[in-house]
Amino acid sequence: MPVFKHTRGLAPAALAGLLAAGGTAAALTAGPAALTAGPTAPAAAVAAVGTNATAADARELSGVFRTVAEQVMPAVVAVEARVETPASPSPQVRQFRGQIPRGIDPESFDPFSDPQFRRFFEDSFPGRELPEGFRFERNQLRGVPRGTMRVKSGSGAVIDPAGLILTNNHVVEGASEVTVRFENGDEYTTSDILTDPDTDVALLRLNPEDLGDKKLPSVQLADSSRTQVGDWVLAFGSPLNQQFSMTAGIVSGKSRTSGLAARENFLQHDAAINPGSSGGPLVNLDGQIVGVNTAISSRGGGYDGISFAVPSSDAEWVVNQLAENGKVTRAFLGVYMQPLDAAAAEALGVPSDAGVLVADVIEGSPAEAAGIEEGDVIVSLDGRDVSDPRQLSRLVERLEIGKEVPLAVIRDGGRRTLQLKAANLSEAPTQTARRERRPERGDGDAEIGEVFQLDAFGLALAPLNDEWRDRLGVGEDATGAVVVAVKGPARAAGLRPGQLVERLGRQEIASAEDLEAALESVDESKPLLALVSDPRGGNSSFRTLEPAADRPDADDEE
């Protein structure tokens, strides 16, 4: 399996590190007054490279590349971040290599009483007294250096002539000061470092006194939402300490994730980047930034053909907040979401691309205050259609705190509009979900009582009685029906005995009567949507059970 690697320039042992994300801002788009390669030049060049392409056509495209390099390279910087490593909490006076005898506590070990160590200490410490701070470890003892300075390297780009530089958080994280070097040899050092770890974006601000009246060359930010798979892109940076390099490729994917940062929406491309490229700009053929080079998918630590960049439009909002407020403030909704797959959409009677399915609602959240319920399908927010959970999260986090916006949902087959008042994520309630507090599981066997079977779905359910509450370790506020046995479709959907089904179709299950009503309303010829929770922990989630063409075999029961 490939692993994601950061692309910063450290020692070889650090090449397996991960790379992170970057961004930029609309208010900070002061760039060159004009680009000689305007929007029509790249289009003409690419159009010329068709079935009748000639060497002249290739040279024309090559000319576009050269034009972009001439305009962008002066604004690219090599970044060196100095990070101080902490001093050892127990400084060692000197190194010692050896083994403490077995069965001896290192804290009480007296080396002067053991012949294995006596000669060493008689020569080293006359008077048989250990210096303060000397500590024995069970195995090898080594001196730990006091606080040292480590230099991390990466790349960046000037996005404002007044001295605003965009790079990655992981390039400058923990740094006390950063030095940036331009292609013409100019160097500037700054300690004004603003970061957003959630997106791995960082903004460096150079000291105006260092710049004087000088206006730095800068690169304009593009609207990356217009970037499409197949578009040419050029990557600038300092891969493997080869400073001020450029590589070319195409956008090969959008909306990628890697697990490197909390909030990701990467552009995937195949322009070669390597350790040291982190924070460097990814530009289009108009010489505008469409992304911040961040990560590679690699088996060996180097470029394997898959590179990732933070889209400029995503990073724009982050950088504006850093520049204006010194930090990033995000709004939150307060729901647990699921993508709406085709089977769930059919079960709910909504289009498969309708929106996002709400699986749970956080107590005390804006979502609860707005009246959002489990099973709702969120279809739009503030007038913008919603297509998937990540897109909804990006829309929510950028809402103005305290402002009310319309939020449309489909519920019970009908569309309704709610009013959502955005709240600050930093003030979100600590409780994760309404069913998060679960007692320890009890002991002993439960009295199963009456069992209801849905043969077409391979599911057997029992009402949640006192015996089951004790067995499952749930309190009086728990609701649902207990999964007693699964086979076929239910097992395929991920249901397991001991879980609670809190909703079947559109019917909430709070009692045995609710369970019977839910079962009576089930159409065994259509997919069935069930809201399931696990008393042992975790959040509720919807599972879609497909009716079996043939009844599951009895041997498949649990």
Side-chain angles (χ1 to χ4, degrees), residues 4 6-10 14 17-28 76-86 149-160 162-181 188-207 219 221 237-238 258-266 275-282 289 291-295 308-331 393-394 397-398 424-426:
F4 291 91
H6 282 315
T7 59
R8 60 180 150 211
L10 296 177
L18 297 179
L19 196 101
T24 200
L28 309 175
V76 176
V77 296
V79 178
E80 289 187 353
R82 283 173 286 284
V83 180
E84 185 175 0
T85 59
M149 194 66 71
R150 181 168 63 102
V151 177
K152 299 192 294 182
S153 62
S155 306
V158 179
I159 57 174
D160 188 283
L164 296 182
I165 297 173
L166 174 65
T167 187
N168 285 136
N169 171 70
H170 75 265
V171 171
V172 299
E173 186 175 15
S176 55
E177 64 178 18
V178 173
T179 296
V180 297
R181 181 180 302 107
Y188 300 93
T189 298
T190 181
S191 57
D192 193 350
I193 306 166
L194 304 170
T195 65
D196 179 45
D198 280 355
T199 54
D200 199 9
V201 174
L203 184 66
L204 309 178
R205 293 195 288 204
L206 302 185
N207 190 334
V219 190
L221 299 166
S238 302
S258 65
L260 295 170
R263 301 172 186 275
E264 298 177 334
N265 183 37
F266 289 137
S277 297
S278 289
L282 183 73
I289 296 175
V292 181
N293 287 315
T294 295
F308 297 96
V310 177
S312 56
S313 295
D314 283 0
E316 175 181 51
W317 175 77
V318 172
V319 174
N320 271 334
Q321 290 214 59
L322 290 175
E324 295 170 8
N325 308 316
K327 63 179 182 179
V328 176
T329 300
R330 293 181 168 88
S393 294
R394 290 195 300 273
E397 73 176 9
R398 301 180 192 188
N424 195 327
L425 178 60
S426 64

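The CG atom of Asp314 sits 5.0 Å away from atom CZ of Arg398, with the distance rounded to the nearest 0.5 Å. Here the CG-OG distance, from Leu204 to Ser191, works out to 10.5 Å after rounding to the nearest 0.5 Å. Residue Ser238 holds its OG atom at 8.5 Å from CZ of Arg181, rounded to the nearest 0.5 Å. Distance check, rounded to the nearest 0.5 Å: OG1 of Thr195 to CG of Asn168 gives 11.5 Å.
Here the closest non-hydrogen pair linking Arg82 and Val151 is CG-CG2, 4.0 Å. Closest approach of Leu282 to Ala309, counting heavy atoms only: CD2-CB, 3.9 Å. Among all heavy-atom pairs drawn from Val172 and Ala81, the shortest one is CA-CB, 4.0 Å. For the residue pair Pro281 and Val76, the shortest heavy atom distance occurs at CG-CG2, 4.1 Å.
Within the 3.5 Å criterion, the main-chain N or O of Ser176 finds no donor-acceptor partner in the side chain of Glu84. Using a distance-only test at 3.5 Å, with no hydrogens or angles considered, a donor-acceptor pair links the side chain of Lys152 to the main chain of Glu173.
Within the 4.5 Å cutoff, the side chain of Val310 has heavy atoms near those of the Phe266 side chain.
Put simply, the residue from Leu203, Val178, Asn169 that forms a side chain to side chain contact (heavy atoms under 4.5 Å, CB included) with Ile193 is Val178.
Residues passing the side-chain contact (heavy atoms from CB on, under 4.5 Å) test with Ser393 are Met337, sequence neighbours excluded. In this structure, the side-chain contact (heavy atoms from CB on, under 4.5 Å) partners of Arg330, at least two apart in sequence or on a different chain, are Asp196, Asp198, Thr199, Arg263, Trp317, Val318, Val328, Glu397, Leu425.
A donor atom on one side chain and an acceptor atom on the other are not found under 3.5 Å apart for Ser155 and Ser277. Looking only at atom types and distance, the side chain of Asp192 has no donor-acceptor partner in the side chain of Thr190 under 3.5 Å away.
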Between Arg205 and Asp160, does the salt bridge (charged side-chain N to carboxylate O under 4.0 Å, His left out) criterion hold? Intermediate values first, please. CA-CA 10 Å; Arg205 293 195 288 204; Asp160 188 283; over 6 Å; no
